[in-house]
Amino acid sequence: MLVLLLGAGGFGFWKYGLPWLRSRPPKPSGELQVHVLDVGPIEGDSILIISPAGKSVLIDAGDAGKGKVVLDALKRYKVERLDYFIATHPHPDHIGAADEVLSGIKVANVIDNGVDLSTPAPVASAKPKKGKAVAPPPPPPKKSKTKGVNNFFDEYRDALKQNGAQYEKAAPGKKYDLGGGAILTVLAPSEPFFTKDQMKTGGNDINANSIVLRLDYGDFSMLFMGDAEAQTEERLLGKSDLDLKTNVIKIGHHGSKYATSENFLKRVQPEAAIISDGAWNRYGHPAQSALDRLKAANAKVWRTDLQGEVTITTKGRGDSGKLYEIKTAKETKEDVWAGREAMKDDSSRSGFIA
Ligand SMILES: [Zn+2]
């Protein structure tokens, strides 16, 4: 009888108790760090998250040639292995250096939005003619204008294969437990993906289908917008049950005028906005209008083009003082509320240096 009772109790705990325990967010246990890296001066995004349990996430890797900056940062923060590399969307200023990072450090999991820009494999050439001597090996493929555009993507995919990381397509609603109480949730892109013909002025479908993430740690929360603009924000706003209110936001598309809409800010109510941008960008990032909207929403701003790397640290509790702290690599005398002049509209082509 006792054996039966114990057995039933054990089964009940396993069946109902354990899932309940697991579904509760773990309590904060230490310090969470978010480093918005300085991958300027042209433009790009790369953000390193280190959870209180030491798990690491890299969101984007900056443009081609920026791999060293990113790898140096990983070394500086003693990250020997990345638990996750997340490519928000396939544009060179976000994954241009992904191949450099993937070949420089072991990565356990790679997540992207599933958009495949691979260059199609060349059609097999005609059969060798009879009687001819063994043909010399074909010359290495030249970077022609028609082929070269998506080379960065081929390099990313090749490096992903070489690295041996597990690949996963981002699924909205999916949560990643980073340990110590930190949870990363995928908010976008949701199906059906935005298509080119749905884009309004300023819109670019690849940007619009960016992965958007929310990070929670105790009482602290932060949004990572990738290069998502107003249309993606509207789609998120349409989900009335989605919790978008966060302390900090890495605003969309480097401060583009087409992102960070008034309505979106009303729902997010950020206290702090981080702008990852480059001093040499030609698109007028950050736009004065986006900065004005942030000011009107009572958010403070930090900019990588003026202040270098921006670091946010939090213990997940605000009871004994500040909930989080923001530090920058350098001081600036410039006005962080002054936008940049555009030399090129960021709706042209795809919003990146082609
Ligand atoms: Zn970008």
Side-chain angles (χ1 to χ4, degrees), residues 35-48 58-67 69-70 85-101 111-113 115 117 149-153 155-156 170 187-189 193-194 196 199 202-213 223-233 249-261 264 273-287 290-291 301-306 309-310 339-340 342-354:
H35 305 278
V36 182
L37 304 179
D38 177 11
V39 286
I42 294 182
E43 187 129 283
D45 262 18
S46 186
I47 304 159
L48 173 66
L58 186 70
I59 304 173
D60 293 330
D63 211 333
K66 289 290 158 192
V69 175
V70 178
F85 170 64
I86 303 178
T88 59
H89 65 295
H91 269 164
D93 60 321
H94 295 253
I95 64 161
D99 60 329
E100 299 161 36
V101 172
I111 303 165
D112 70 22
N113 67 358
V115 173
L117 298 184
V149 178
N150 291 337
N151 266 356
F152 73 95
F153 192 84
E155 285 162 5
Y156 156 62
L187 304 186
F193 275 21
F194 288 104
K196 257 194 180 73
M199 291 295 103
N204 165 275
D205 55 317
I206 292 184
N207 286 340
N209 294 317
S210 277
I211 295 180
V212 175
L213 300 154
L223 273 185
F224 301 89
M225 298 301 297
D227 275 1
E229 297 182 336
Q231 272 176 296
T232 310
E233 294 171 1
I249 182 172
K250 195 297 290 182
I251 65 166
H253 201 189
H254 319 286
S256 163
K257 62 182 175 222
Y258 299 113
T260 322
S261 60
F264 192 64
I274 317 294
I275 307 174
S276 168
D277 60 342
W280 295 358
N281 85 81
R282 296 183 288 169
Y283 302 95
H285 295 157
L291 289 165
V301 300
W302 280 262
R303 288 168 54 167
T304 61
D305 62 335
L306 301 177
E309 185 178 316
V310 180
R340 288 188 182 278
M343 280 177 266
K344 199 174 177 197
D345 190 87
D346 54 0
S347 67
S348 61
R349 186 111 149 70
S350 40
F352 64 86
I353 313 289

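Order of listing sets the numbers, starting from 1, for every ligand and every atom in it.
Considering just the N/O/S atoms of Asp93, the one nearest the Zn ion (ligand 1) carries the name OD2. Asp227 contributes OD2 as its N, O or S atom closest to the Zn ion (ligand 1).
The salt bridge (charged side-chain N to carboxylate O under 4.0 Å, His left out) test applied to Asp45 returns Lys250, not counting sequence neighbours. Glu100 is linked by a salt bridge (charged side-chain N to carboxylate O under 4.0 Å, His left out) to nothing, counting only residues two or more places apart in sequence or in another chain.
Classified by interplanar angle (parallel below 30°, tilted 30° to 60°, perpendicular above 60°), the ring pair His94/His254 is tilted.
Between the NE2 atom of His254 and the NE2 atom of His94, the angle taken at the Zn ion (ligand 1) works out to 110° after rounding to 10°.
Annotation: the span from Tyr258 atom OH to Met199 atom CE amounts to 13.0 Å, rounded to 0.5 Å.
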